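A short write-up of the structure that comes next.
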Amino acid sequence: MTLGDAAAIRRAIAAREVSAVDVCRASLDRIEALNGALNAFITVDAERALRRAASLDDGPATVRDLPLFGVPIAVKDNICTRGLRTTAGSRILEHYTPPYSATVIERVEAAGAIVVGKTNCDEFAMGSSTEHSAFGPARNPWAHDRTPGGSSGGSAIAVATGMTPIALGSETGGSVRQPAALCGVLGFKPTYGRISRYGLIAFGSSMDQIGPLATNVTDLATVLQVLAGEDLRDSSCARRPADDYSAMLNAGARGLRIGIPSRILAEGIEEGVRAAFDAATEALRDAGASLIDIELPHARYATPAYAIVAMAEASSNLGRYDGVRYGHRGEKTSSLRDMYTSTRAAFGREVKRRVLLGTYVLSGGYYDAFYTKAQQVRALLRRDYETAFEQVDVVATPTSPTTAFPLGARVEDPLQMYLADVLTVSANLTGLPAISVPCGFAEGLPVGLQLTGRAWDEATLLRGAAAITNR
Ligand code: GLN
């Protein structure tokens with residue numbers, strides 16, 4: 001069988017046309033057939049997945065009403081899964097099997113989903129191409145010599161190729177939206193605090209969020225519904241009940257006020273990306289939305305501010321990999337210092353670069369010049385969006401300035417790699433929700449359109465995304 005989307009799977013199982021085991025097998029077969037070429041998964045545990053599918057099939061009839069009953073899901077390898085290896089794409093955690101599951105895992109499992117495996121990602125989610133994975137680069141399903149994007153590249157591939165209908169990724173600066181765009185699927189970054197971070201391996205804690213990927217808006221809304229809401233184990237998770245995310249999916253584009261920051265879009269966007277973006281926004285206008293020119297005066301400082309904040313927080317968060325409590329320990333242990341040094345030598349180059357730069361921007365004498373400045377930019381950027389949202393309901397840009405770039409093209413040039421995120425990092429710095437929706441192709445490669453919304457207004461983003469899909 002070929003897997004349909006999550007809603008179709010659930011319907012087919014409910015009608016007893018197929019069993020959860022059949023669906024799980026189909027997902028595992030597809031992974032088996034494609035993973036050699038694409039390297040989307042670091043770990044697949046077929047036995048564990050099939051066991052769980054069988055127990056769902058044997059369970060009481062009432063569980064069949066669960067929103068994700070029998071739906072296979074792929075999970076980025078920086079989200080802890082009890083009893084299932086979780087590496088964060090790093091040699092440091094190569095042999096780490098968490099004794100607990102992230103809250104999001106508990107929630108999708110309680111909703112009936114089946115975790116089939118853990119997806120490839122840049123080491124500790126630091127990257128935009130999945131080439132900084134210690135387990136080898138992942139490949140774009142549309143062109144195997146190109147990147148799937150990153151850092152949640154494996155999750156985007158899994159969904160784009162139908163290995164699993166849905167996946168979880170994580171975002172610090174665009175790591176769900178950008179690979180979703182480059183692989184031609186939907187990716188969602190919720191408002192900071194909407195989804196629990198408990199069990200997400202920390203990178204930049206003031207920006208990190210878990211987000212779902214799917215092939216359509218309905219599935220995305222279903223997963224968001226399952227994930228959203230308070231969690232007492234994460235004090236940064238809001239005590240705000242989830243909204244009804246499916247309620248506005250059919251509201252259409254009529255009356256939607258879409259802000260276009262034309263000054264930002266004037267430079268650095270590939271022609272084909274720009275053309276696909278313009279065609280999609282014009283179609284929305286034809287369907288009754290209004291396109292309003294807006295200014296985000298401080299957005300041009302977002303990339304440097306993001307780099308400073310992300311690296312500062314990373315240098316602090318990664319201090320815990322000291323070879324003592326868990327994870328890899330270096331061989332050379334004649335002194336404590338040697339032990340730290342040889343342990344931390346296992347980090348890849350990009351992680352080391354960020355720990356060093358992050359420590360630098362936080363050090364005495366430089367803190368105010370870099371870290372404090374970056375936080376000030378963050379406040380100004382927030383104000384830019386508040387001003388824009390007095391006039392518009394959502395802000396539209398392409399998700400990525402380019403389509404999928406060739407493997408190897410940027411990996412030696414960190415600045416070029418960071419520029420892949422120019423259009424995505426603002427949502428992370430401000431905490432606002434944002435979504436990437438497929439909006440067309442440029443030279444055979446997918447293009448994503450990004451909508452950014454008001455804090456907590458995920459429902460309007462989903463409405464806008466549905467309007468784009470149905471245009
Ligand atoms: N590509 C960005 C970075 O390298 C964002 C990564 C992410 O969102 N996890 O930091």
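The model shown is predicted, which means the values in this text are computed figures rather than measured ones. Ligands are counted one by one from 1 in listed order, and the atoms in each one are counted from 1 as well.
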How far is [atom] from the closest protein heavy atom, and which atom is that?
atom                   : value
atom 8 (O) of ligand 1 : Gly173 N, 2.5 Å
atom 6 (C) of ligand 1 : Ser175 OG, 2.9 Å
atom 2 (C) of ligand 1 : Asp421 OD2, 3.0 Å

Heavy-atom check, side chain of Phe277 versus side chain of Ile260, under 4.5 Å: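 Yes, close enough: below the 4.5 Å cut-off.
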Any N or O of [X] closer than 3.5 Å to N or O of ligand 1:
X      : value
Arg354 : yes
Gly150 : no
Tyr306 : yes

Sole candidate of Thr172, Asn428, Asn317 that passes side-chain hydrogen bond (donor to acceptor under 3.5 Å, both in side chains) when paired with Asp208: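 The option that passes is Thr172.
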Among Ser151, Ser128, Ser155, side-chain hydrogen bond (donor to acceptor under 3.5 Å, both in side chains) partner for Ser175: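 Between Ser175 and the candidates, side-chain hydrogen bond (donor to acceptor under 3.5 Å, both in side chains) is satisfied uniquely by Ser151.
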So which bit of [X] gets within less than 4.0 Å of ligand 1, heavy atoms only: side chain, backbone, both or neither?
X      : answer
His132 : neither
Tyr418 : neither
Thr172 : both
Ala125 : both

Tyr418-Tyr306 aromatic ring centre distance below 6.0 Å: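 No; Tyr306 has its ring centre 6.0 Å or more from that of Tyr418.
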Within 45° cone of Phe405 ring axis and under 6.0 Å: Arg410 NZ or CZ: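 Yes, a cation-pi geometry holds between Arg410 and Phe405.
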CA sep, side-chain torsions, deciding dist, call: Tyr371, Tyr366, ring-ring contact (aromatic ring centres under 6.0 Å, His included): CA-CA 8 Å; Tyr371 187 71; Tyr366 296 105; over 10 Å; no
Atom pair CD1/SG of Ile468 and Cys439 - distance to nearest 0.5 Å: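 These two atoms lie 7.5 Å from each other.
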List ligand 1 atoms under 4.0 Å from [X], heavy atoms only on the residue side.
X      : answer
Ser151 : 9 (N)
Gly127 : 1 (N), 2 (C), 3 (C), 4 (O), 6 (C)
Phe203 : 9 (N), 10 (O)
Glu171 : 8 (O)
Gly174 : 8 (O)

CA sep, side-chain torsions, deciding dist, call: Gln178, Ser400, side chain to side chain donor-acceptor pair (under 3.5 Å): CA-CA 6 Å; Gln178 186 255 19; Ser400 159; 5.2 Å; no
Plane angle bin for Phe124 and Phe347 - parallel if under 30°, tilted between 30 and 60°, otherwise perpendicular: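 Correct class here is perpendicular.
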Heavy-atom closest contact (Arg263 atom, Glu295 atom, distance):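 What the structure gives for the nearest pair is NH2-OE2, 3.1 Å.
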